[in-house]
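Below, all heavy atoms of this structure are taken into account, side chains as well, without hydrogens, waters or symmetry copies.
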Amino acid sequence: MNTICSYTAAAVLLIVVTFAIAEGDSRRGQELYESRCIACHSVDQNRVGPAHQGVYGRRAGRAPGYEYSNALKKTKVVWSDKTLDSWLSNPEKTIPGQKMGYSVSEASDRADLIEYLKKISSK
Ligand code: HEC
């Protein structure tokens with residue numbers, strides 16, 4: 001009986017941990033954003049790259065007043081968990097002809113960054 005209980009507890013713990021990782025951590029995402037993205041981006045101002053406020057759930061290439069590459073102007077990609085994960089791991093493969101020369105190799109870093117982009121877009 002005790003063994004069954006501890007197996008159940010372990011299984012529940014595993015599910016909770018997996019869920020937490022898959023969901024991403026927006027606080028850690030903010031730290032990553034401030035160290036890796038801020039050279040080119042800001043939340044509310046266009047810089048080398050477009051402003052990110054409202055980006056999650058929006059069609060790519062739509063930050064007001066930013067001069068995008070033709071590739072981003074023409075694409076029909078809408079930013080979601082899946083498309084942002086693909087973009088951050090390999091922008092050129094996701095939307096060929098784009099002009100962001102940066103990528104994020106760690107899946108957990110991407111998940112946290114996406115969580116942060118989601119958070120700043122829901123305000
Ligand atoms: C070296 C500069 C640079 C860095 C660093 C950089 N980006 Fe970009 N990013 C760009 C440029 C330039 C574009 C516009 C691409 C285009 O028009 O083809 C862009 C576009 C984007 C877009 C699409 C926005 C839209 O409105 O469609 C997202 C999302 C994005 N970047 C996320 C990030 C994140 C997250 C980071 C940090 C991990 C990051 N970028 C780091 C330069 C950069």
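- Atoms CZ and NZ, on R59 and K76 in that order, are 6.0 Å from each other to the nearest 0.5 Å.
- Rounding to the nearest 0.5 Å places SG of C37 at 7.5 Å from CG of L88.
- Of the possible donor and acceptor atoms, one in the side chain of S121 sits under 3.5 Å from a partner among the backbone N and O of V55.
- The structure places OG of S89 at 10.5 Å from CG of L84, a figure rounded to the nearest 0.5 Å.
- Side-chain contact between T94 and S86: present, with at least one pair of heavy atoms (C-beta onward) separated by less than 4.5 Å.
- I38 and W87 fall within the same hydrophobic cluster, where Ile, Leu, Val, Met, Phe, Trp and Tyr residues are linked whenever their side-chain heavy atoms come under 4.5 Å apart, directly or through other members.
- In this structure, Q98 contributes its side chain and S69 its backbone to no donor-acceptor pair below 3.5 Å.
- The line from CD1 of I114 to OG1 of T83 is 8.0 Å long, rounded to the nearest 0.5 Å.
- Here the OG-CG distance, from S108 to L32, works out to 8.5 Å after rounding to the nearest 0.5 Å.
- Within 6.0 Å of NZ in K73 there are more than 12 heavy atoms belonging to other residues, nucleotides or ligands.
- For H52 and Y33, the distance between ring centers is under 6.0 angstrom.
- I95 and Y102 fall within a single hydrophobic cluster, where Ile, Leu, Val, Met, Phe, Trp and Tyr are joined by side-chain heavy atoms under 4.5 Å apart, directly or via other members.
- The two residues P96 and A71 make their nearest non-hydrogen contact at O-CB, 3.3 Å.
- Side-chain atoms of S42 come within 3.5 Å of backbone N or O of Q45 as a donor-acceptor pair.
- When all heavy atoms of Q53 and D44 are compared, the pair lying nearest together is OE1-CB, 4.0 Å.
- Scanning both residues, N46 and A51, for their nearest heavy atoms gives OD1-N, 2.8 Å.
- The backbone N or O of L113 lies less than 3.5 Å from no partner atom in the side chain of R28, so there is not a single donor-acceptor pair.
- Looking only at distances, no side-chain donor or acceptor of Y116 sits under 3.5 Å from a matching main-chain atom of A111.
- Hydrophobic clustering (ILVMFWY, side-chain heavy atoms < 4.5 Å, transitive): Y66 and L72 are in one cluster.
- A donor-acceptor pair is defined here as one N or O able to donate and one able to accept, closer than 3.5 Å; such a pair exists between the side chain of R110 and the backbone of S105.
- Residues D81 and Y56 are in side-chain contact: their nearest non-hydrogen atoms beyond the backbone lie under 4.5 Å apart.
- A salt bridge does not link R27 with D112: none of the charged nitrogens is closer than 4.0 Å to a carboxylate oxygen.
- In this structure, OH in Y68 is found 9.5 Å from NZ in K99, a value given to the nearest 0.5 Å.
- R36 and E31 are not joined by a salt bridge, as no carboxylate oxygen comes within less than 4.0 angstrom of a charged side-chain nitrogen.
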